[in-house]
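All remarks here apply to the structure that follows.
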Amino acid sequence: MIPEELRRPRAAPETEKRQFEDEALETLWEFQEQGRQATLEQLQSELQLQSEVKDGPSVLAMQTDGLVTISDGKVDFTEAGRLRARDITRRHRLAERLFADILALPEYEVDACRFEHAISPEVEEAICTFLGHPPTCPHNRPIPRGKCCRLYARKVTPLVASLADSQVGEEFKVVFLRTPMIDRLAGIGLVAGAEVRLIQKKPSYVLKVDETTIAVDEEVAKGIFVKKI
Ligand SMILES: [Zn+2]
Ligand SMILES: [Zn+2]
């Protein structure tokens with residue numbers, strides 16, 4: 001057995017500081033989004049509720065580091081702080097969408113809080129594209145747009161679509177399945193990563209997986225999500 005403290009190592013001070021800053025910036029972003037001005041007191045009390053970090057990093061230190069300004073007890077972003085707040089908010093809300101809609105995780109809010117610190121810009125963009133550049137999070141708050149979203153406005157092709165929305169004759173890679181038929185489909189090799197060709201859509205959906213041809217009804221086709229090869 002691995003001792004508990006080794007399995008869940010405490011974050012390094014640098015990581016802890018970054019995470020605190022991210023939380024603070026995100027909270028300040030939410031204040032401003034609601035048209036509220038945050039006082040240092042309000043921000044600190046919000047953070048104590050949300051953050052596990054109670055000592056060490058502070059909002060005052062963030063002023064020294066050039067992320068926020070504090071004047072008359074009111075906190076505002078610097079330009080650098082605003083950009084980082086926008087980024088972290090975007091990552092958090094994209095993660096919420098992914099966890100709530102695709103993975104159906106009941107604790108998606110908590111998971112999104114952990115995940116937001118860990119993803120690179122490449123992963124963030126891949127998630128956004130995968131989800132079809134969603135405009136809002138599950139709480140209906142706006143997801144700040146990324147570079148990928150601007151490209152998407154010109155070229156409307158979702159990266160992942162269900163077979164029911166795909167073209168006959170094309171070849172696809174299976175990305176994920178959301179159907180009670182998952183075991184039966186796996187039995188013929190139709191699993192995530194498999195390559196399929198869509199032969200026909202009417203009267204039923206006919207697919208070719210390797211040398212096997214199968215017919216499925218529309219409900220099942222709607223649950224097979226693919227990406228064009
Ligand atoms: Zn949300
Ligand atoms: Zn996007």
Side-chain angles (χ1 to χ4, degrees), residues 18-38 42-53 59 62 67-68 75-77 79-163 165-167 172-176 178 192 225-229:
R18 260 201 87 80
Q19 293 196 356
F20 174 85
E21 290 168 355
D22 282 349
E23 295 301 333
L25 291 169
E26 209 176 347
T27 307
L28 185 56
W29 182 271
E30 279 165 18
F31 265 91
Q32 297 202 350
E33 198 170 56
Q34 294 156 13
R36 295 161 68 199
Q37 204 172 35
Q42 284 170 323
L43 197 57
Q44 276 167 337
S45 81
E46 285 274 324
L47 285 166
Q48 298 231 329
L49 287 175
Q50 287 178 4
S51 171
E52 289 165 32
V53 187
V59 179
M62 289 171 64
L67 292 170
V68 295
V75 188
D76 200 357
F77 290 119
E79 198 43 38
R82 186 182 305 280
L83 285 175
R84 198 166 133 195
R86 187 180 189 283
D87 250 32
I88 194 76
T89 302
R90 173 169 155 76
R91 274 185 250 145
H92 178 89
R93 293 180 182 173
L94 280 173
E96 283 186 336
R97 272 266 162 248
L98 178 70
F99 292 165
D101 300 354
I102 307 293
L103 305 180
L105 298 175
E107 301 273 316
Y108 73 88
E109 286 160 321
V110 183
D111 291 313
C113 281
R114 293 202 200 102
F115 194 68
E116 69 190 20
H117 308 288
I119 51 178
S120 67
E122 291 75 21
V123 173
E124 167 207 305
E125 207 164 276
I127 294 172
C128 192
T129 307
F130 173 75
L131 295 171
H133 313 275
T136 55
C137 79
H139 307 95
N140 218 14
R141 299 198 184 121
I143 299 176
R145 306 277 77 189
K147 256 190 259 154
C148 58
C149 311
R150 287 191 280 278
L151 273 175
Y152 174 73
R154 273 176 269 142
K155 191 180 73 147
V156 187
T157 345
L159 188 68
V160 175
S162 88
L163 262 188
D165 295 323
S166 301
Q167 295 249 332
F172 306 95
K173 184 172 243 176
V174 177
V175 180
F176 64 95
R178 199 157 51 177
F225 289 84
V226 295
K227 187 168 113 180
K228 218 163 115 180
I229 299 176

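For this chain, numbers begin at 1 and follow the sequence in order. Atoms within a ligand are numbered from 1 in the order they appear, just like the ligands themselves.
- With a cut-off of 2.8 Å, the Zn ion (ligand 1) has an N, O or S atom of E96 in range.
- The aromatic rings of F225 and F176 lie parallel to each other, their planes meeting at an angle below 30°, with 60° marking the opposite boundary.
- Within H133, ND1 is the N, O or S atom that lies nearest to the Zn ion (ligand 2).
- Sorted by first and then second residue, the salt bridge (charged side-chain N to carboxylate O under 4.0 Å, His left out) pairs with a member in residues 102-112 read D111-R114; sequence neighbours excluded.
- The minimum distance between the Zn ion (ligand 1) and any N, O or S atom of H139 involves atom ND1.
- Vertex the Zn ion (ligand 2); arms to C149 SG and C128 SG; angle rounded to 10 degrees, 100°.
- Inclusion of C137 in the first shell of the Zn ion (ligand 1) is supported: an N, O or S atom falls under 2.8 Å.
- For R36 (side chain) and F31 (main-chain N/O), no donor-acceptor pair under 3.5 Å exists by modelled atom type.
- With respect to E33 and R93, a salt bridge is recorded, a charged nitrogen being found less than 4.0 Å from a carboxylate O.
- Put simply, the side chain of R97 gets close to the backbone of T136: a donor and an acceptor are under 3.5 Å apart.
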